[in-house]
*Asks:* 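The structure is given below, and queries will be raised subsequently.
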Amino acid sequence: MHHLAVDSFTIGELIILRTKPLKLNWSLVKSKTQNFISNLNPMWATQTQPSLFQPPLRSPHRSFSFKTLSSLKTPTINNYNHLIQTLCRRGNLKQALQLLPHEQNPTQRTYESLILACSSLNEPSLARVVHGHLVDDGFDQDPFLSTKLIDMYSHFGSVEDARNVFEKTSDKTIFVWNALLRALALADEGEEAISLCRQMGMLGMPLDSFTYSYGLKACVASSSSHDLAERRVRQIHGHALRHGFKTRVHVATTLIDCYAKLGSLPYSRRVFDGMTERNVVTWSAMIACYASERPFDALMLFQEMMMREPDTVPNSVTMVSVLQACAGLSALGQGKLIHAYILRRGLEAVVSVFNALIAMYAKCGNLETGRQVFDTIKCQRDVVSWNSMIAGYGIHGFGREALHLFEEMIDKGVSPSPITFVSVLGACSHAGLVQEGKRIFASMSREFGIIPRAEHYACMVDILGRAGQLDEAEKIVEDMRVEPGPTVWGSLLGACRIHGEVKRAEKACARLFELEPLNAGNYILLADIYASAKMWEEVSRIKRILEGKGLQKVPGCSWIEVKKKLYSFVSVDEMNPRIEQLHALIVRLVTEMKETGYVPNTKVVLYDLDQEEKERILLGHSEKLALAFGLINSGKGQVIRITKNLRLCEDCHTVTKFISKFANREILVRDVNRFHHFRDGVCSCLDYW
DNA sequence: ATAGGGTTAG
């Protein structure tokens, strides 16, 4: 039984593998996973908790009309304020403004209503009129109203006006300072935000936790370099420590998020561990930090919260991150448990939860369920809902369906976002729809007013490159109106790999190595291209460069969920307790294949070894191990679902096609880019991926 | 009177 435990834990290790070489502490692995497995039960789904979505109790507004006002003999200022408030709430700002001159003495309250109304009704021009009246009435020195004005201008995106209000207010309360700081942080004016903090310190202003939170956000959002941002965050962090704000829940939660955004997850965790008081937001922040990079840890942490903190009730935001983690792991069983829990908690009415569910099912290989969720949505769909579903069709290779859904979305009057086009173009690329891709790309700016960004060009390069139109792909790169980033060159390099274009690959790599000197993947891809061309000296040259930089090829890892448990396999997994059984099965199947004319595709092995050695390495590929495990441990009619951390290797692709026919099994493999549906000897990608 | 965490793509 503990063998099972070991396997499920290696999933957790897998995520670490992306940055660190594989090193397992077996006793730790055992103890941790026992725990994890014993907790893997549908308990979450049976815990009923009160719905968060009971409508808030609010007393109905008593409205006040002109009629009521004129019926009064001597209307007081409060009566006027009441009327103005009613008009503002109804969105009748102009009428409310007309009342102003008739009023002898507007109060702070009058202006507060008007300012808030301008913000929520998005009326920047009326906002200036209100501001003018406010100054005329002598409220320009009112710090309370200055705070509101700064918030309002910040909402309209005009930092300039916010700054002016700040300058003109002589009685600068902490609210006024914080308001400007927040405005600057939102507008990505980090430099100025920092100097504002410094100014506050020099004036001897006592900073509060709002100041720290806004200040930290400003550092991350906008510092010109990563190092600078990190230095600043540490500076503010230190300041907070010295002033006893270390454990204040808002400040610490912001710190967790900031360190994660700077790529220092261990620091985030250290802050989290050091907190004396944590709430849902704190836990959600930490889970969210883990969700994309280390989904297994995200699930473990969620588990811990559910077990150890009965008073901390997860909300929709928590669930979105947990679903994201399930999606990252392809953990369909876990995802279903979470779905059940969401239904019990009544959280399914939140659009972001719905969207995350769609994405989770699609990424776990259950596209139909994703579509069902999409069709039976309990709230208004937003653009993300459409994007998620379109992207879902894309990764499964259903390009036509993706295009169809895109058209439906347009027909329904939903305006597409830049991400919509990444999804649609991505779908075209996976399905080889070159003409359609070109058409969509052209329509982007012409019909929808969305200027293509680097990632859109990358999609186009991908579409053309895969289809073998490399000249045209290269032309796109040359004609780009934005700086071609690593994604664009990476797409070109990927296309060169498919079509064995050594010269062009070298050209793309020249730029890529400059832009991403530490991305091992680019070097590996080039070595791969050299190996295909049998340029072994070049292959070893690239390998020497990698070694010199201390970089390593990310080890291949595949995993499979059987009866709600995850089992993972690394390539040439000699420590795996059942390696002999799996190996025997693979050898048997491959021998069978050889009789039908199969020749092992040894060119995917990057080592210059003899044929026999190469074949041995091929047999040990992690996806083959996972497949063998799936064949042994699942029922005849069940679909085998495998996930891989890298791109599916060509030899494994061939072998899996054969097995799907030979063993008469439906096999679903998700690699980094897309899904492959194997059935009856054919793959849904039609060998084009 | 002001907070802190989340969804889609690559």
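All heavy atoms count here, side chains included; hydrogens, waters and symmetry mates do not.
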*Asks:* Quick test of the criterion, 5.5 Å between centres and less than 30° between planes. Is A:His250 stacked on B:dA3 or not?
*Replies:*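 A:His250 ring centre within cut-off of B:dA3 base, planes near parallel; stacks.
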*Asks:* Specify the separation, in whole Å, of atom CD1 of A:Ile377 and atom C1' of B:dT8.
*Replies:*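 About 13 Å, once rounded to whole Å.
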*Asks:* Looking for any heavy atom pair under 4.0 Å, which part of the strands does A:Thr318 touch: base, sugar-phosphate only, or nothing?
*Replies:*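 It contacts base atoms.
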*Asks:* Within the 4.0 Å heavy-atom criterion, would you say A:Ala288 contacts the bases, only the backbone, or no part of the nucleic acid?
*Replies:*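 Result for A:Ala288 = sugar-phosphate.
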*Asks:* By nearest atom, which of the nucleotides B:dG5, B:dT2, B:dG4 is closest to the A:Asn279 side chain?
*Replies:*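 Selected nucleotide: B:dG4.
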*Asks:* Kindly compute the distance separating CG (A:Leu181) from CZ (A:Phe210), expressed to the nearest 0.5 Å.
*Replies:*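 One finds 12.5 Å between CG of A:Leu181 and CZ of A:Phe210.
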*Asks:* Starting at atom CZ of A:Phe421, determine the distance to atom P of B:dA9, rounded to an integer number of angstrom.
*Replies:*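 Going from A:Phe421 (CZ) to B:dA9 (P), I get 16 Å.
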*Asks:* Checking only heavy atoms, does the side chain of A:Ser423 share a donor-acceptor pair with the base of B:dA9 at less than 3.5 Å?
*Replies:*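 There is none.
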*Asks:* Side chain of A:Lys148 only, heavy atoms from C-beta on: which candidate in B:dT7, B:dG5, B:dA1 is closest?
*Replies:*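 Among B:dT7, B:dG5, B:dA1, the one nearest the side chain of A:Lys148 is B:dA1.
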*Asks:* Any base atoms under 4.0 Å from A:Asp257, or only sugar-phosphate, or nothing? Heavy atoms, all strands.
*Replies:*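 A:Asp257: backbone/sugar contact only, no base atoms under 4.0 Å.
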*Asks:* Is there a donor and acceptor pair closer than 3.5 Å between the side chain of A:Thr254 and the base of B:dG4?
*Replies:*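 A donor-acceptor contact between them is absent.
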*Asks:* Please determine, for the side chain of A:Ile419, which listed nucleotide (B:dG5, B:dT7, B:dA9) has the closest atom?
*Replies:*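 Closest nucleotide to the A:Ile419 side chain: B:dA9.
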*Asks:* Please find the pair of heavy atoms, one from A:Leu323 and one from A:Ala356, that lie closest to each other, and give the distance.
*Replies:*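 Taking every non-hydrogen atom into account, CD1-CB, 3.7 Å.
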*Asks:* Would you say the rings of A:Phe441 and A:Phe421 are close, in the sense that their centroids are separated by under 6.0 Å?
*Replies:*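 No, they do not, as the ring centres are separated by 6.0 Å or more.
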*Asks:* Side chain of A:Gln324 only, please: which of B:dT7, B:dG5, B:dT2 is the nearest?
*Replies:*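 For A:Gln324, the side-chain atoms sit closest to B:dT7.
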*Asks:* Quiz question: by atom type and distance under 3.5 Å, do the side chains of A:Tyr267 and A:Arg234 form a donor-acceptor pair?
*Replies:*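 Distance-only check passes for A:Tyr267 and A:Arg234.
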*Asks:* Rounded to the nearest angstrom, tell me the gap between atom CG in A:Asp208 and atom P in B:dG4.
*Replies:*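 Whole-Å distance recorded here is 13 Å.
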*Asks:* Using a 4.0 Å heavy-atom cut-off across all strands, classify A:Thr420 as base, sugar-phosphate, or nothing.
*Replies:*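 If one applies the 4.0 Å heavy-atom cut-off, A:Thr420 turns out to touch nothing in the nucleic acid.
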*Asks:* How far does CG of A:Leu367 sit from CE of A:Met389, to the nearest 0.5 angstrom?
*Replies:*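 Answer rounded to 0.5 Å: 4.5 Å.
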*Asks:* Does one side chain, of A:Tyr212 or A:His239, offer a donor that lies under 3.5 Å from an acceptor on the other?
*Replies:*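 There is such a pair between these side chains.
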*Asks:* Ignoring hydrogens and angles, are the base of B:dG10 and the side chain of A:Asn673 linked by a donor-acceptor pair under 3.5 Å?
*Replies:*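 Check fails, no donor-acceptor contact within cut-off.
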*Asks:* Students often get this wrong, so: under 4.0 angstrom with heavy atoms, is A:Val251 touching a base, only sugar-phosphate, or nothing?
*Replies:*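 Contact class for A:Val251: none.
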*Asks:* Find the distance A:Arg182:CZ to B:dA1:P and express it as a whole number of Å.
*Replies:*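 In whole Å, B:dA1 P and A:Arg182 CZ are 16 Å from each other.
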*Asks:* Quick one: A:Tyr214 OH to B:dT2 P, roughly how many Å, whole number?
*Replies:*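 Those two atoms, OH and P, are 9 Å apart.
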*Asks:* When all nucleic acid strands are considered with a 4.0 Å heavy-atom cut-off, which category describes A:Thr147: base, sugar-phosphate, or nothing?
*Replies:*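 Answer is base: heavy atoms of A:Thr147 come under 4.0 Å of a base.
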*Asks:* Give A:Glu112 one of three labels, base, sugar-phosphate or nothing, depending on what nucleic acid heavy atoms sit under 4.0 Å from its own.
*Replies:*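 The residue A:Glu112 makes no contact with any strand.
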*Asks:* Can you name the residues that form a side-chain hydrogen bond (donor to acceptor under 3.5 Å, both in side chains) with A:Asp311, not counting sequence neighbours?
*Replies:*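 Per chain and number, A:Asp311 pairs via side-chain hydrogen bond (donor to acceptor under 3.5 Å, both in side chains) with no residue.
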*Asks:* Side chain of A:Val384 only, heavy atoms from C-beta on: which candidate in B:dT8, B:dG4, B:dT2 is closest?
*Replies:*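 Nearest to the side-chain atoms of A:Val384, counting from C-beta on, is B:dT8.
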*Asks:* Given atom CZ of A:Phe406 and atom P of B:dT8, what is their separation to the nearest angstrom?
*Replies:*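 Result: 20 Å.
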*Asks:* Report the nucleotide, chosen from B:dG10, B:dA1, B:dT8, that has the shortest atom-to-atom distance to any side-chain atom of A:Val422.
*Replies:*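 For A:Val422, the side-chain atoms sit closest to B:dG10.
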*Asks:* Are any of A:Lys363's side-chain N or O atoms less than 4.0 Å away from OP1 or OP2 of B:dT7?
*Replies:*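 Looking at the OP1 and OP2 atoms of B:dT7, neither is under 4.0 Å from any side-chain N or O of A:Lys363.
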*Asks:* In whole Å, I'd like the distance from the CG atom of A:Leu323 to the P atom of B:dG5.
*Replies:*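 Result: 20 Å.
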*Asks:* What is the distance, to the nearest angstrom, from the CD atom on A:Glu309 to the P atom on B:dG5?
*Replies:*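 A:Glu309 atom CD is separated from B:dG5 atom P by 20 Å.
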*Asks:* Considering just the side-chain nitrogens and oxygens of A:Lys217, establish if one lies under 4.0 Å of OP1 or OP2 belonging to B:dG5.
*Replies:*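 Yes, because at least one side-chain N or O of A:Lys217 sits under 4.0 Å from OP1 or OP2 of B:dG5.
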*Asks:* Heavy atoms only, 4.0 Å cut-off, all strands: where does A:Ala391 land among base, sugar-phosphate and nothing?
*Replies:*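 Sugar-phosphate, no base atom in range.
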*Asks:* If you measure from the ring centre of A:Phe175 to the centre of the six-membered ring in the base of B:dA1, is it under 5.5 Å, with the planes under 30° apart?
*Replies:*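 By the stated criterion, A:Phe175 and B:dA1 stack.
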